[in-house]
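One structure is given here, and the rest of the page talks about it.
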Amino acid sequence: MRGGLIFLCSMTTASTTSPRCACPICAKPLSASSGWLKERLHRHRLQLGFHRSLQEYLGHGADFVLLGEGEQTLLELIGAIRNGTHDFLPIAGLAFLRGNEPVKTMGRKVMKELDELPLPAWDLVDMDIYRKTWLKYNGYFSLNVGTTRGCPFKCNWCAKPIYGNRYHARSPQNVVKELKELKEKYRFDHIWFCDDIFGLKPGWVNEFADTLEKEELKIRYKIQCRADLLLQENYIQALARSGCENIWMGAESGSQKILDAMDKGTTIGRSMRPRGC
Ligand code: SF4
């Protein structure tokens, strides 16, 4: 195996000489932000993310590429490396070079029970720099939280190669548990729910609002959603009750011809209706 570790995600610049987090807030050299991994996995190059082809990653020095959801694959890979194994074929969701040939192992099954994952390791984030930067440029401090994975729609231009046409959600209770911890530890002012589609499961947003009320947690938040979903009965009311202030609505185009060409599966009329509902 070659020396060094490069830890890349979809928010990471691809420079192999001085990789940096591409997030506009931190933009830190990865040698700093991936220090904990470096300690544990020194000498291995690991690649996460999906902007380039497998061959490009492996051809430029990555020893492994994690395909699809990475948590379980990474756990098994770390275990195998620690045990000194050289047989990585049994690990699903992995690609590596054998000689000069890229080898892909069997596909990793998509996770259905997202509550089984531990809560994100927020303590590994340098929160001071996030807070200061948010306050300096926006006057408030916002954090990103994900509640779902995937999207069941089929818009043909959308970049969603990891999860495919599936949609799995954390329970409202699990999300509120994370929000409570974040509030207590970091005193955020605002949350951006970074899901492709927030609260698609019937009744999810209502239950989320109930759980927040039960836990006496008040938040302000922003989501992304499709126009047609905003027309669901009581959806907007439940969003407002739970603290939603802002919706990025995927209208995409004012031309029905373009929407149809995109396989968007909705109409201009539906995009206009949420204004007045
Ligand atoms: S609804 Fe949004 S996330 Fe889903 S496929 Fe279409 S553009 Fe992508």
Side-chain angles (χ1 to χ4, degrees), residues 10-11 50 68-69 110-115 117 120 142-179 182 188 190-215 217-277:
S10 58
M11 290 292 281
F50 45 83
E69 288 169 291
V110 171
M111 283 197 71
K112 292 187 179 160
E113 301 299 333
L114 300 184
D115 284 4
L117 287 169
S142 185
L143 288 173
N144 292 4
V145 168
T147 71
T148 63
R149 290 181 176 182
C151 168
F153 294 95
K154 298 186 170 90
C155 312
N156 58 26
W157 52 274
C158 179
K160 48 171 198 169
I162 294 184
Y163 307 122
N165 285 102
R166 303 150 207 246
Y167 185 82
H168 297 297
R170 296 166 62 188
S171 67
Q173 293 73 18
N174 183 266
V175 174
V176 171
K177 185 177 169 202
E178 181 181 359
L179 293 172
L182 287 172
F188 65 81
H190 177 269
I191 294 289
W192 179 47
F193 286 114
C194 54
D195 311 284
D196 286 336
I197 294 192
F198 181 83
L200 174 62
K201 258 177 109 175
W204 195 98
V205 181
N206 216 25
E207 200 179 335
F208 179 58
D210 289 346
T211 312
L212 284 169
E213 282 172 7
K214 191 171 148 216
E215 295 293 333
L217 180 62
K218 285 195 189 318
I219 61 169
R220 298 166 45 212
Y221 70 91
K222 173 165 72 180
I223 63 165
Q224 302 180 114
C225 197
R226 285 172 61 100
D228 43 2
L229 296 181
L230 297 173
L231 300 174
Q232 296 176 104
E233 206 179 339
N234 295 329
Y235 187 79
I236 287 184
Q237 289 84 345
L239 284 173
R241 187 159 67 90
S242 54
C244 182
E245 294 184 333
N246 195 299
I247 300 170
W248 288 2
M249 193 177 79
E252 323 296 1
S253 174
S255 156
Q256 191 60 49
K257 195 173 157 192
I258 299 290
L259 289 181
D260 292 345
M262 289 171 152
D263 292 331
K264 186 73 192 172
T266 190
T267 61
I268 295 170
R270 282 177 172 174
S271 295
M272 298 301 286
R273 265 194 61 199
R275 284 177 46 194
C277 276

Between N174 and E178, does a side chain to side chain contact (heavy atoms under 4.5 Å, CB included) hold up when you go through it step by step? CA-CA 7 Å; N174 183 266; E178 181 181 359; 5.6 Å; no

Any idea which heavy atoms bring [X] and [Y] closest together, and the distance?
X    : Y    : value
D228 : G265 : OD2-O, 4.0 Å
C151 : I197 : SG-CD1, 3.7 Å
C244 : I223 : SG-CG1, 4.1 Å
C225 : I247 : CB-CG2, 4.1 Å

Could you give the side-chain donor-acceptor pairs of residues 230-237 under 3.5 Å, partners two or more places apart or in another chain?
{"residue": "Q232", "atom": "NE2", "partner": "L229", "partner atom": "O", "Å": "3.0"}
{"residue": "Y235", "atom": "OH", "partner": "F198", "partner atom": "O", "Å": "2.5"}

Take I219 and L212 through the side chain to side chain contact (heavy atoms under 4.5 Å, CB included) test and state the conclusion after the steps. CA-CA 8 Å; I219 61 169; L212 284 169; 4.2 Å; yes

Anything under 3.5 Å between a donor and an acceptor, one on a side chain of residues 202-210, the other on a protein residue two or more places apart or in another chain? List them.
{"residue": "W204", "atom": "NE1", "partner": "R170", "partner atom": "O", "Å": "2.8"}
{"residue": "N206", "atom": "OD1", "partner": "R241", "partner atom": "NH2", "Å": "2.8"}
{"residue": "E207", "atom": "OE2", "partner": "Q173", "partner atom": "NE2", "Å": "2.9"}
{"residue": "D210", "atom": "OD1", "partner": "R241", "partner atom": "NH1", "Å": "3.0"}
{"residue": "D210", "atom": "OD1", "partner": "R241", "partner atom": "NH2", "Å": "3.0"}

Residue pair Q256, D260: steps toward the side chain to side chain donor-acceptor pair (under 3.5 Å) verdict: CA-CA 6 Å; Q256 191 60 49; D260 292 345; 2.9 Å; yes

Any donor and acceptor pair, going by atom type alone, linking the side chain of D263 with main-chain N or O of N156 inside 3.5 Å? no

Main-chain N/O of D195 paired to Q224 side chain as donor or acceptor, under 3.5 Å: yes

So how far is it from H168 NE2 to R149 CZ, rounded to the nearest 0.5 Å? 10.0 Å

To the nearest 0.5 Å, how far apart are CZ in F188 and CG in L179? 5.0 Å

Stepwise, does the side chain to side chain contact (heavy atoms under 4.5 Å, CB included) test hold for T266 with F153? CA-CA 10 Å; T266 190; F153 294 95; over 6 Å; no

Report the C-alpha distance between L259 and I268 in whole Å, list the side-chain angles of each, state the deciding distance to 0.1 Å, and finish with yes or no for side chain to side chain contact (heavy atoms under 4.5 Å, CB included). CA-CA 8 Å; L259 289 181; I268 295 170; 3.9 Å; yes

Heavy-atom distance under 4.5 Å between the side chains of [X] and [Y], does that happen here?
X    : Y    : answer
H190 : K222 : yes
W248 : W192 : yes
Y167 : D196 : no

Crowded around K201 NZ? As in, over 12 foreign heavy atoms under 6.0 Å? no

Just jot down the salt bridge (charged side-chain N to carboxylate O under 4.0 Å, His left out) partners of E252, sequence neighbours excluded, or say none. K264

